[in-house]
Amino acid sequence: MEPETSFLTPAEAESLGIEHEPPSKLTCQYCGKEREPLGVKGPNGKVRWVTFAACGCVGEAEEEARRDKAEKAKREADAVKKLLRAGVPMRFIASEIRRPESLKFIESLSERTGRGLYLYGGVGAGKTSEASAIVKAVIRSGRKAVLTTTLSMLNEISKGYGDSEGKDISHFIRADLLVLDDVGKENANSWAATTMFEVVNGRYERMLPTIYTSQYSFSELERRMSRSGERESAQAVLSRIVQTSTLVDLGRTDRRRSR
């Protein structure tokens with residue numbers, strides 16, 4: 001007995017003695033050859049013609065290849081748009097993961113440990129490239145990720161208080177993964193320090209992973225963040241960063257100049 005989804009050709013229906021109406025005819029639009037009708041056995045015991053077999057000619061194969069290529073290009077374009085919306089710079093769309101710590105981090109996401117990475121290195125060491133590659137992998141897994149410089153994040157939050165163009169602070173606190181790029185380059189005034197603490201602490205309490213990139217060591221970053229006198233806020237932020245981050249030292253070689 002044939003499965004309900006099995007297709008039958010006219011010859012097969014005839015040889016099995018299954019009642020059927022004469023099928024309609026269809027010729028291949030590429031070579032003119034008549035295509036073979038395909039049907040299924042319905043509840044009434046009769047064959048219902050539902051489609052036609054592929055022709056298999058060169059023209060049809062070329063058209064199928066063209067469609068496959070177009071669909072692949074659309075998928076790739078959609079993937080790029082998704083990465084750009086997440087904040088991945090166009091320059092780093094093609095970045096690939098280079099560090100084993102990054103792979104280990106991605107593998108641990110399902111465990112909800114709240115731990116992230118601190119990508120530390122000199123100018124041009126590949127911090128943003130590595131972070132972008134991680135974001136790509138996270139988005140492909142179906143999670144939401146946001147990549148932004150700390151300066152841009154603070155600007156967006158500031159605009160969000162009175163401008164529909166800005167972003168609410170919860171956008172950064174609640175993302176499955178937040179990447180704060182170039183930590184230490186932001187302003188160190190009271191509002192910036194307080195807002196940084198609110199974001200870092202909000203994610204800390206929710207046990208959501210954060211990746212930080214910076215050219216400053218932990219001690220240097222604390223001095224940078226407290227340079228305007230906000231020492232307590234800087235210490236509170238650094239305490240949470242240190243507790244929840246695996247330090248990844250990318251070195252001091254400027255990859256931009258060494259190419």
Side-chain angles (χ1 to χ4, degrees), residues 1-110 126 128-148 175-177 179 211 255-256 259:
M1 179 178 179
E2 304 85 13
E4 290 185 2
T5 54
S6 296
F7 287 121
L8 294 167
T9 65
E12 289 170 337
E14 192 70 34
S15 66
L16 292 171
I18 303 174
E19 188 178 350
H20 59 278
E21 297 291 333
S24 57
K25 295 182 179 182
L26 180 68
T27 57
C28 174
Q29 60 179 311
Y30 306 105
C31 69
K33 176 184 174 182
E34 190 171 313
R35 293 171 58 184
E36 187 170 42
L38 297 175
V40 294
K41 188 176 180 180
N44 60 359
K46 295 182 179 181
V47 173
R48 179 167 56 91
W49 304 110
V50 294
T51 188
F52 292 85
C55 174
C57 68
V58 173
E60 185 182 64
E62 290 177 344
E63 175 60 19
E64 185 176 353
R66 186 199 65 77
R67 284 198 303 267
D68 289 345
K69 184 177 180 180
E71 289 173 4
K72 181 181 178 182
K74 184 179 184 305
R75 288 195 301 270
E76 291 176 348
D78 290 343
V80 168
K81 288 178 183 178
K82 187 177 290 186
L83 292 173
L84 292 174
R85 286 197 299 268
V88 176
M90 178 59 79
R91 181 174 294 277
F92 300 109
I93 289 292
S95 295
E96 298 294 335
I97 291 174
R98 298 186 299 123
R99 296 294 299 235
E101 297 94 337
S102 300
L103 292 173
K104 187 175 180 180
F105 165 76
I106 294 168
E107 292 168 357
S108 71
L109 280 176
S110 60
T128 305
S129 176
E130 188 74 9
S132 296
I134 295 171
V135 168
K136 281 171 58 178
V138 170
I139 288 178
R140 284 172 182 165
S141 73
R143 295 179 173 88
K144 178 185 176 183
V146 174
L147 188 157
T148 178
D176 294 335
L177 171 66
V179 176
I211 293 175
R255 293 166 58 195
R256 300 187 189 103
R259 290 174 181 171

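Here, residue 1 is the first one in the sequence, and each next residue gets the next number.
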- Side chains of F7 and T51: closer than 4.5 Å at any heavy-atom pair? yes

- Evaluation steps, side chain to side chain contact (heavy atoms under 4.5 Å, CB included), between E107 and S102: CA-CA 9 Å; E107 292 168 357; S102 300; over 6 Å; no

- Item | Straight-line distance of E101 CD to L103 CG, nearest 0.5 Å | 9.0 Å

- Item | Heavy atoms of other groups near K144 NZ, more than 12 under 6.0 Å | yes

- Message: I'd like to check the salt bridge (charged side-chain N to carboxylate O under 4.0 Å, His left out) partners of E63; sequence neighbours left out, ordered by chain and number.
- Response: R66, R67

- Query: Would you call H20 and K46 a side-chain contact if the rule is heavy atoms closer than 4.5 Å?
  - Reply: no

- Side-chain heavy atoms of L8 within contact of L16, under 4.5 Å: yes

- Note on the structure: Test side chain to side chain contact (heavy atoms under 4.5 Å, CB included), reference F52, set E36, K25, R35, output is R35

- Query: Between OG1 of T27 and CD of E34, what distance do you get to the nearest 0.5 Å?
  - Reply: 8.0 Å

- Query: Do I211 and F105 have side-chain heavy atoms sitting under 4.5 Å apart?
  - Reply: yes

- Query: For atom CZ of R48, is the number of surrounding heavy atoms from other residues, nucleotides or ligands below 6.0 Å larger than 12?
  - Reply: no

- Item | NZ-OG distance between K41 and S6, expressed to the nearest 0.5 angstrom | 11.5 Å

- Could you tell me which residues satisfy salt bridge (charged side-chain N to carboxylate O under 4.0 Å, His left out) with K33, sequence neighbours excluded, listed by chain and number? none

- Message: side chain to side chain contact (heavy atoms under 4.5 Å, CB included) for V47 and V40? Distances and angles first, verdict last.
- Response: CA-CA 5 Å; V47 173; V40 294; over 6 Å; no

- Task: Could you walk me through whether E96 and K136 pass side chain to side chain contact (heavy atoms under 4.5 Å, CB included), step by step?
- Result: CA-CA 9 Å; E96 298 294 335; K136 281 171 58 178; 3.8 Å; yes

- Roughly how far, to the nearest 0.5 Å, is CG of L177 from CG of L109? 7.0 Å

- Query: Would you say the side-chain atoms of E62 pair up with the backbone N or O of G59, donor to acceptor, closer than 3.5 Å?
  - Reply: no

- Below 4.5 Å, heavy atoms only, C-beta onward: do I93 and S132 meet side chain to side chain? no

- Message: Just verifying a value: how many Å separate S129 OG and R255 CZ, rounded to the nearest 0.5 Å?
- Response: 5.0 Å

- Message: I want to check something: taking the side chain as every heavy atom from C-beta on, are P22 and W49 in contact at a cut-off of under 4.5 Å?
- Response: no

- A137 to I106 - nearest heavy-atom pair and separation: CB-CD1, 3.5 Å

- Given side chains that start at C-beta, do those of V135 and V179 come closer than 4.5 Å, heavy atoms only? yes

- Query: Any side-chain heavy atom of M90 within less than 4.5 Å of one from V80?
  - Reply: yes

- Query: Please walk me through it: do S95 and E130 pass side-chain hydrogen bond (donor to acceptor under 3.5 Å, both in side chains)?
  - Reply: CA-CA 7 Å; S95 295; E130 188 74 9; over 6 Å; no

- Rounded to the nearest 0.5 angstrom, the NZ-CZ distance for K82 and R85 is 7.0 Å

- Indicate yes or no: does K74 engage D78 in a salt bridge with an N to O separation below 4.0 Å. yes

- Message: Looking at every non-hydrogen atom in both residues, tell me the closest pair between P10 and P37 and how far apart they are.
- Response: CD-O, 3.4 Å

